There are 4 protein chains.
Amino acid sequence: MPQRAATAQPLKRAEKKEVTRQQLIAATVDSIAASGFAETTLHKVSARANVSRSLVNFHFDSKEQLLVETLRHLTDEYRTFWMKAITRPGLSAAGKLNALVDADFHPQVCNRKKIAVWYAFWGESKSRPTYMEVCERADREFASAMERLTAEVVAEGGYAVDAVAAAKGLRCMIDGLWLELLLSPASFEREGSKRICRTYLAALFPRHFEMPGQVEMPAGGAP
Amino acid sequence: MPQRAATAQPLKRAEKKEVTRQQLIAATVDSIAASGFAETTLHKVSARANVSRSLVNFHFDSKEQLLVETLRHLTDEYRTFWMKAITRPGLSAAGKLNALVDADFHPQVCNRKKIAVWYAFWGESKSRPTYMEVCERADREFASAMERLTAEVVAEGGYAVDAVAAAKGLRCMIDGLWLELLLSPASFEREGSKRICRTYLAALFPRHFEMPGQVEMPAGGAP
Amino acid sequence: MPQRAATAQPLKRAEKKEVTRQQLIAATVDSIAASGFAETTLHKVSARANVSRSLVNFHFDSKEQLLVETLRHLTDEYRTFWMKAITRPGLSAAGKLNALVDADFHPQVCNRKKIAVWYAFWGESKSRPTYMEVCERADREFASAMERLTAEVVAEGGYAVDAVAAAKGLRCMIDGLWLELLLSPASFEREGSKRICRTYLAALFPRHFEMPGQVEMPAGGAP
Amino acid sequence: MPQRAATAQPLKRAEKKEVTRQQLIAATVDSIAASGFAETTLHKVSARANVSRSLVNFHFDSKEQLLVETLRHLTDEYRTFWMKAITRPGLSAAGKLNALVDADFHPQVCNRKKIAVWYAFWGESKSRPTYMEVCERADREFASAMERLTAEVVAEGGYAVDAVAAAKGLRCMIDGLWLELLLSPASFEREGSKRICRTYLAALFPRHFEMPGQVEMPAGGAP
DNA sequence: GATGAATGAGCCTTCATTCAT
DNA sequence: GATGAATGAAGGCTCATTCAT
């Protein structure tokens with residue numbers, strides 16, 4: 001029917017265009033994880049996305065822009081994820097901190113492929129101001145959120161602890177644990193990593209966090 | 001003296017070659033820090049080292065080998081540095097842990113240029129097994145040393161703490177603080193970073209480490 | 001007419017690509033003849049074909065493949081030529097042998113440029129198995145055809161001659177005469193060369209071939 | 001002893017120099033046969049001769065000169081060989097022609113390695129005047145010698161044969177049979193090749209050469 | 001809107017050659 | 001006399017990008 005065609009077609013087109021865009025970004029993520037940043041070529045990306053080579057230049061003005069958009073996609077996805085984790089109603093500050101830790105090691109954001117891409121971008125950041133800007137903004141948001149929570153905990157418990165420093169310590173610990181997954185996937189343990197973070201929190205804020213029980217870590221814990 | 005000349009001459013030849021090699025590695029480090037991994041070309045490296053382009057392939061069979069040797073140089077330098085820090089006689093286990101923290105934030109190893117290079121290699125590690133191997137070995141050495149120290153502290157103090165996990169937490173925290181220097185150099189503070197680590201240690205091992213005093217962080221602390 | 005346009009358009013695209021391919025092969029032949037095998041660079045080839053340098057790698061995966069395809073083009077062209085020469089209806093075996101000799105010295109296949117290219121490939125054959133394979137197959141086809149003809153003549157005439165050896169002798173004589181054209185173009189004579197072959201045939205098969213008349217060779221016979 | 005040293009040394013030096021030169025030429029021949037003309041580099045040659053790379057440029061002004069001297073060495077060796085074959089006293093013209101055929105298929109000059117080198121030079125001849133000159137001179141000498149012999153035979157036997165053409169036919173046949181050894185070593189037969197030449201001679205000059213007996217060629221005749 | 005032939009820039013590498021030792 | 005570090009030129013190839021279709 002002409003009417004359906006008229007309303008469906010324009011939608012379909014715009015939709016399809018967006019789908020292709022997302023496919024290209026996904027393919028870029030895959031390629032960076034598999035081949036590294038230096039060996040990620042538009043040829044490989046378009047092959048992964050099953051589209052013609054020149055289509056990449058059609059959707060993104062340049063390779064650089066594809067990369068930036070990929071990084072943006074990554075940060076957006078990450079922000080959405082942790083924000084959702086702490087917006088659950090009825091959560092105390094400490095509960096939210098716990099939720100952040102859980103989110104940071106959730107397989108959806110903390111898997112080897114995505115970590116590899118994060119580190120690939122970080123590795124190139126120093127020489128590419130745009131990357132650094134995007135990374136920094138994402139970082140600052142996450143940092144602020146965490147700092148607000150530690151500040152609340154400090155205030156509640158009357159701890160003699162620098163809340164900002166405490167937050168930074170936790171954040172950095174998480175980043176470092178991600179690196180562990182990247183470089184030594186065999187020795188990475190998802191639950192163990194969370195436990196390390198919680199130990200840190202419990203040590204700093206004993207009246208808000210429970211020291212995790214000493215668990216015999218099972219050999220070959222799945223990452 | 002003729003003898004000295006006789007011994008100096010043969011040294012000069014081999015020495016000069018080695019000097020050139022080191023210059024090339026240094027130039028590679030500089031280039032990766034300045035231009036990133038992907039845009040580090042042999043042209044840039046040779047230009048930085050003030051030598052002809054083909055000389056690179058004379059000293060190193062391929063670009064890949066130059067990069068691997070550069071990474072190796074980096075790990076060697078790092079290992080030498082922290083090892084020297086903990087071999088000072090008369091140092092307790094806790095003292096050695098403190099020394100490790102100091103070493104990790106010493107400007108000689110913890111400056112933005114070198115951190116950028118570390119992260120550049122880590123960023124490419126997933127897709128280059130050789131890099132990962134070299135990185136992992138270096139990491140394991142450092143981890144083992146640190147774990148031995150935390151185990152000693154745990155034993156001494158009778159703490160109910162998983163020594164391996166405690167060490168891993170510290171190590172990851174340090175890696176994450178390095179990333180802070182890379183991505184947000186403005187907000188990085190050398191002393192503040194050490195303090196965060198020491199807070200972690202003091203919280204876990206209160207009878208071995210003193211909680212650092214709350215210091216008003218000076219605005220714009222120089223990295 | 002729209003129909004013609006519709007059929008002409010799709011042809012045009014594929015056609016143009018094929019035309020460019022053939023131009024590149026022709027340019028390769030020219031370059032090998034002019035500059036030799038060792039000094040035939042893709043730069044020279046693309047310049048001769050008036051196309052960009054990278055186009056060569058677009059049509060042929062590598063330089064090596066361009067060379068192989070050039071050799072194949074040569075053998076195909078040669079085979080087509082001599083096959084057509086002996087498929088003329090109503091030709092006796094002896095007549096076909098004569099036709100083969102004529103074909104082998106026809107200016108279209110026996111000119112200094114093409115002979116130079118043949119010898120260039122033969123010169124590299126020993127160290128390049130692919131060339132040898134292609135050359136051998138072409139040779140074997142030609143040899144088989146010729147052997148069948150000599151066998152027929154031997155059977156018809158009841159000659160006490162090894163048909164295979166006779167064919168090989170003729171074939172080798174032709175190859176050697178080609179070399180004469182390559183190395184001593186001044187002393188090469190097209191008709192004289194055919195006469196030498198026919199003398200060989202007439203000496204072996206007197207009842208099938210006429211001994212060519214002794215001709216006063218004109219001085220400086222044009223090749 | 002000083003005296004012996006004084007007399008032996010200078011001789012030894014010049015000798016050694018010449019020895020090295022010959023080694024380099026031999027290594028060049030080997031390399032061309034093994035790697036082809038295009039892939040024969042001074043590096044490979046010096047490695048084969050077990051000398052330092054820059055020594056080649058010391059003994060020969062340039063690579064080109066090394067190649068020319070190698071070709072000259074080849075032609076000299078060949079000339080010496082066939083000349084010696086026909087200077088045996090008490091040999092008739094026909095006997096000398098037979099001796100030439102024997103020489104041309106003697107393993108010392110007719111083996112796959114040397115044939116490969118001949119063809120390598122011939123393959124490059126068209127674009128390198130120097131090679132062509134050297135080749136042509138060698139060819140002309142051989143041709144003249146053979147023409148003198150066929151002329152003698154023609155005169156002796158009163159044959160109605162063009163002596164020059166007959167010689168050219170034989171020469172070309174030999175060159176072509178060499179190519180057979182190069183391209184189809186499996187089907188090459190040393191004795192069979194001589195027989196083909198002798199059949200040609202016997203067919204042209206029946207009163208001077210005996211038609212070789214029809215021999216059942218053994219399968220897999222050793223080249 | 002999407003394809004694919006074509007381009008130009010640039011990279012890694014190799015090679016013949018030189019020069020100081 | 002011979003070595004080996006060093007050079008400059010050039011070659012093959014890949015890549016991001018454009019343009020006609």
Side-chain angles (χ1 to χ4, degrees), chain A residues 13-14 16-17 20 38-46 51-67, chain B residues 9-10 12-21 38-46 49-66, chain C residues 5 9-10 12-21 38-46 49-66, chain D residues 13-14 16-17 20 38-46 51-66:
Chain A
R13 274 202 199 155
K16 202 176 178 187
K17 191 171 178 184
T20 307
E39 300 216 329
T40 287
T41 70
L42 291 193
H43 173 65
K44 285 183 184 173
V45 170
S46 60
V51 298
S52 97
R53 213 166 319 171
S54 22
L55 206 84
V56 184
N57 278 87
F58 179 77
H59 280 277
F60 303 90
D61 284 356
S62 68
K63 182 189 184 184
E64 193 52 29
Q65 200 177 336
L66 167 64
L67 291 172
Chain B
Q9 279 297 54
K12 229 181 184 175
R13 272 175 272 175
E15 225 175 60
K16 203 176 179 189
K17 189 177 182 181
E18 186 55 25
V19 165
T20 308
R21 245 186 78 101
E39 301 218 328
T40 286
T41 69
L42 293 192
H43 173 65
K44 286 183 183 172
V45 170
S46 59
N50 270 328
V51 296
S52 90
R53 212 169 318 173
S54 37
L55 197 65
V56 183
N57 277 93
F58 177 75
H59 283 277
F60 303 90
D61 285 353
S62 67
K63 182 190 184 184
E64 191 54 29
Q65 201 178 339
L66 167 65
Chain C
Q9 280 295 52
K12 229 179 181 175
R13 273 175 273 175
E15 224 176 61
K16 203 174 179 191
K17 189 177 183 182
E18 185 56 25
V19 165
T20 309
R21 246 186 78 100
E39 302 219 326
T40 286
T41 69
L42 293 192
H43 173 65
K44 286 182 183 172
V45 170
S46 59
N50 270 328
V51 296
S52 90
R53 215 169 315 174
S54 36
L55 195 66
V56 184
N57 277 96
F58 177 75
H59 283 276
F60 303 89
D61 285 353
S62 66
K63 182 190 184 184
E64 191 54 28
Q65 201 179 336
L66 167 64
Chain D
R13 275 201 199 157
K16 201 178 180 185
K17 193 172 176 184
T20 307
E39 300 216 329
T40 287
T41 69
L42 291 193
H43 173 65
K44 285 183 184 172
V45 169
S46 60
V51 299
S52 98
R53 214 165 320 171
S54 23
L55 207 82
V56 183
N57 278 86
F58 180 77
H59 280 278
F60 303 89
D61 285 354
S62 69
K63 184 191 183 183
E64 194 51 31
Q65 200 177 339
L66 167 64

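This one's a predicted model, so the numbers in the text were calculated from it and none came from an experiment.
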_Complementary nucleotide for F:dA10 - Watson-Crick or wobble, under 3.5 Å_ = E:dT13

_Tell me the interatomic distance from C:Glu39, atom CD, to E:dT14, atom P, rounded to whole angstroms._
20 Å

*Check the distance between E:dA5's C1' and C:Phe60's CZ and give it to me in whole angstrom.*
14 Å

*Would you kindly give the CG-to-C1' distance between D:Asn57 and E:dC19, to the nearest whole Å?*
12 Å

*asked:* How many whole angstroms separate atom NZ of C:Lys63 from atom P of F:dT14?
replied: 14 Å

*Distance (rounded to the nearest 0.5 Å) between A:Leu67 CG and A:Leu42 CG*: 8.0 Å

*Could you say whether C:Leu55 or B:Lys44 is positioned toward the 5' end of DNA chain E, judged by the nucleotide with the nearest heavy atom to each?*
C:Leu55

*Using a heavy-atom cut-off of under 4.0 Å over every strand shown, decide if A:Thr41 touches base, sugar-phosphate, or nothing.*
sugar-phosphate

*Is it true that atom CZ of C:Arg21 has more than 12 heavy atoms of other residues, nucleotides or ligands lying nearer than 6.0 Å?*
yes

_Whole-Å distance separating the CZ atom of D:Phe58 from the P atom of F:dA2_ = 5 Å

*Would you kindly give the CZ-to-C1' distance between C:Arg53 and E:dA5, to the nearest whole Å?*
19 Å

*asked:* Counting only side-chain heavy atoms from C-beta out, which of E:dT17, E:dT13, E:dT7 sits nearest to C:Ser52?
replied: E:dT7

*Given E:dT7, F:dG12, F:dA16, the nucleotide with the shortest approach to the side chain of A:Leu42*: F:dA16

*So which nucleotide does E:dA5 pair with, by the Watson-Crick or G-U wobble rule with both distances under 3.5 Å?*
F:dT18

*asked:* Can you tell me how far apart CD (C:Glu64) and CG (C:Leu66) are? Round to the nearest 0.5 Å.
replied: 9.5 Å

*Distance, rounded to the nearest Å, where B:His59 contributes NE2 and F:dA6 contributes P*: 4 Å

*Starting at CD of C:Glu18 and ending at C1' of E:dA6, how long is that distance when rounded to a whole Å?*
16 Å

*Does the base of F:dG4 carry an N or O that pairs as donor and acceptor with the side chain of D:Ser54 under 3.5 Å?*
yes

*asked:* Both C:Thr40 and B:Lys17 contact DNA chain F. Taking the nearest nucleotide for each, which residue is further toward the 5' end?
replied: B:Lys17

